[in-house]
Amino acid sequence: MGKLTARQAATLAPGKYNDGAGLWLAVSKTGARKWVLRVVLRGKRREMGLGAFPGTSLMEARAKAVRARSQVAEGIDPVEARHRVEATVPTFTMAAAAYIRSRRHEWANRKHARQWVSTLKCYARPVIGPEPVDAIGTEHVLAVLKPIWLSKTETAKRVQGRIENILDFAAARQWRGPVNPARWRGHLDKLLSSPTKLKRQRNGGTTRHHPAMPYTLAPDFMVELRARDSVSALAIEFLILTATRTGEALGATWSEIDPDARVWTIPAARMKAGREHRVPLSAAALEVLERLPRVAGNDHLFVGARHGRPLSNMALLQLMRGMGYGVGGERGDYVPHGFRSSFRDWAGEVSAFPANVAEAALAHVIGDKTEAAYARGTLFAKRARMMQEWADWCGKGTEDNVRAIRGTAQDDVSGSG
């Protein structure tokens, strides 16, 4: 057999196959494949592993073999040389652990940290965990992602982003070069299907969003909500008035609030886009804050049952279920997070504000850097006026309308008419 091909490397039956110049592919009975280089140094034969296939591709194995043979020609034992390098360059698993330790204090909650550990442990560590972080290339990253890219696209995209962050961290620590093989834009996006398109295909050609209450119903929903005396009700009201994500609202702390400036500053670590977001507070939002209880030892606005922890997302879902909303609800399948869409629809159909003001209010990333800088400098005053108008809209409901809505819902459930 001559030199191996990439297809042969992927499909050959169990056995040992020579690629030439001492490079062999060993295929076990289980189908596991690894590269082995045989060299002769000072009259003695030496064998060294060059990585597992497909994490180490045929081309990468050949490149490693060339470097090792060059060392032998200079009288250097390539196995000992690699051990010396590995003593200073960590494996991917070690680099990942160092990265997580360095960032853990910035993450909003323990769940986020656990997700980082669990996804890397499940998908990345078995493939690239033992690899020196400076030896990881595009084929290694693809070997992690391809098996789950189509079946678990959202998870795979998170894994890709986490590997990218770890390799950037490793480059900053000078453990590897600056080129990141896990970079999405301009690199992996040319090699893997678009996650957005895959999601749209699975959803029958449309993108699914959180079920959103029509903005026309928001005023009367607010009347009904304000009749409930609970922290959960206040949390939903604050979430609606600020058009923020559920996690951002529930994670809010008193130290983030400046009541005099009427601003809530959400730190970058708690934002989806990783950028600090300043939210102008309407008069109604400030009234919510005034009604909230303050609990010693807990800086959260919406205090949960567990010591030092905020209210859970489930508490908001349960409140809306009790009002007849949610999955299978007789009054609609609307959920708390959907109010962002309610706000966006209102902004586009009722308000006179430009689309970029609404997008800034929702903390959506503006692509062009110049436009983004302009937005940061000029849109806050407009957003403040917009959020006040949104609060005024939400506050115009009447008790009579609420009673009418309840009556209609009851008629639908009972079947009377």
Just how far is it from atom NZ of K64 to atom CE of M48, taken to the nearest 0.5 Å? 8.5 Å
Could you check, using the six-membered ring where one of them is a Trp, whether W35 and W24 have ring centers closer than 6.0 angstrom? no
Can you confirm if the aromatic rings of F221 and F339 lie within a centre distance of less than 6.0 Å? yes
Student check: side-chain heavy atoms of F353 and R385 closer than 4.5 Å: yes
Going through the distances and angles, do S193 and W149 end up as a side chain to side chain contact (heavy atoms under 4.5 Å, CB included)? CA-CA 8 Å; S193 302; W149 194 255; 4.2 Å; yes
Find out whether P336 and M320 are in side-chain contact, i.e. whether some heavy atom of one side chain is under 4.5 Å from a heavy atom of the other. yes
CA sep, side-chain torsions, deciding dist, call: V72, I76, side chain to side chain contact (heavy atoms under 4.5 Å, CB included): CA-CA 5 Å; V72 170; I76 300 171; over 6 Å; no
Heavy atoms of R340 and L362 approach each other most closely as NH2-O, 3.0 Å
Is there a side chain to side chain contact (heavy atoms under 4.5 Å, CB included) between Y123 and R158 once you walk through the steps? CA-CA 11 Å; Y123 301 109; R158 292 192 189 100; over 6 Å; no
Main chain of S57, side chain of E60: is a donor-acceptor contact present, judged purely on distance under 3.5 Å? yes
If I compare all heavy atoms of G251 with all of H300, which pair ends up nearest, and what's the gap? O-CD2, 3.7 Å
Can the positive tip of K396 be found less than 6.0 Å from the middle of the six-membered ring of W393, inside 45° of the ring normal? yes
Taking C-beta and beyond as the side chain, do L281 and I257 meet within less than 4.5 Å on heavy atoms? yes
Are W116 and I166 packed together at the side-chain level, in the sense that at least one heavy-atom pair is separated by less than 4.5 angstrom? yes
Separation between CG (D299) and CH2 (W254), nearest 0.5 Å, reads 9.0 Å
With the side chain counted from C-beta on, respond yes when L145 and L188 share a heavy-atom pair under 4.5 Å apart, and no when they do not. yes
Decide yes or no for L311 and V303: does some side-chain heavy atom of the first lie under 4.5 Å from some side-chain heavy atom of the second? no
Minimum heavy-atom separation for F169 to S102, with atom names? CE1-OG, 3.9 Å
Check ion pair E237-R291 (N to O, under 4.0 angstrom): yes
For a quick test of reading the model, state the closest non-hydrogen atom pair linking I163 to A124 and the distance between them. CD1-CB, 4.4 Å
May I ask you to check whether over 12 heavy atoms, not counting those of E349, lie within 6.0 Å of atom CD? yes
Flag, side chain of R176 to backbone of I136, donor-acceptor distance under 3.5 Å: yes
S342 side chain to M213 backbone, donor-acceptor under 3.5 Å: yes
Can you find a side-chain donor-acceptor pair between Y325 and E330 that sits under 3.5 Å? no
E276/R270 under salt bridge (charged side-chain N to carboxylate O under 4.0 Å, His left out): CA gap, chis, key distance, verdict: CA-CA 8 Å; E276 179 184 278; R270 292 206 302 104; over 6 Å; no
Say you draw a straight line from OH of Y215 to SG of C394; how long is it, rounded to the nearest 0.5 Å? 12.0 Å
Does any donor atom in the side chain of T138 or H187 lie under 3.5 Å from an acceptor atom in the other side chain? yes
Residue set satisfying ring-ring contact (aromatic ring centres under 6.0 Å, His included) with W264, at least two apart, ordered chain then number -> F238
For the pair Q160 (side chain) and A182 (backbone), establish whether a donor and an acceptor sit closer than 3.5 Å, ignoring hydrogens and angles. yes
Measuring from N180:CG to D168:CG, what's the distance to the nearest 0.5 Å? 4.5 Å
Once rounded to the nearest 0.5 Å, what's the spacing between atom NZ of K146 and atom CG of L191? 7.5 Å
Indicate yes or no for a side-chain donor-acceptor contact from T244 to the backbone of E248 under 3.5 Å, with no hydrogens or angles considered. no
In short, P132 meets V89 closest at the heavy-atom pair CB-CG1, 4.4 Å
Working note: T93 + T91, criterion side-chain hydrogen bond (donor to acceptor under 3.5 Å, both in side chains); need CA distance, chi angles, decisive distance, verdict. CA-CA 5 Å; T93 296; T91 64; 4.7 Å; no
Specify the closest pair of heavy atoms between V133 and A95, including all atoms of both residues, with the distance to one decimal. CG2-CB, 4.1 Å
Hey, does the side chain of R278 reach the backbone of V263 with a donor-acceptor pair shorter than 3.5 angstrom? no
Got T56 and E131 here, is their nearest side-chain heavy-atom distance under 4.5 Å? yes
Go through it in stages, so that I can follow the logic: the residues are Y334 and L217, the test is side chain to side chain contact (heavy atoms under 4.5 Å, CB included), and I'd like the CA-CA distance, side-chain angles, deciding distance and then a yes or no. CA-CA 11 Å; Y334 318 130; L217 300 182; 4.3 Å; yes
pair R262-P280: side-chain heavy atoms closer than 4.5 Å: no
Check whether any side-chain N or O of R33 sits under 3.5 Å from a backbone N or O of L12 as a donor-acceptor pair, and report yes or no. yes
Please check: side-chain N/O of N298 versus main-chain N/O of R309, any donor-acceptor pairing under 3.5 Å? yes
Determine whether a donor-acceptor pair (N or O, by modelled atom type, separation under 3.5 Å) exists between the side chain of R162 and the backbone of L120. no
Check for a donor-acceptor pair, side chain of D189 on one end and backbone N or O of G186 on the other, with a separation under 3.5 Å. yes
To the nearest 0.5 Å, how far apart are CZ in R114 and NZ in K121? 13.5 Å
Regarding S232 and S230, is there a side-chain donor-to-acceptor distance under 3.5 Å anywhere? no
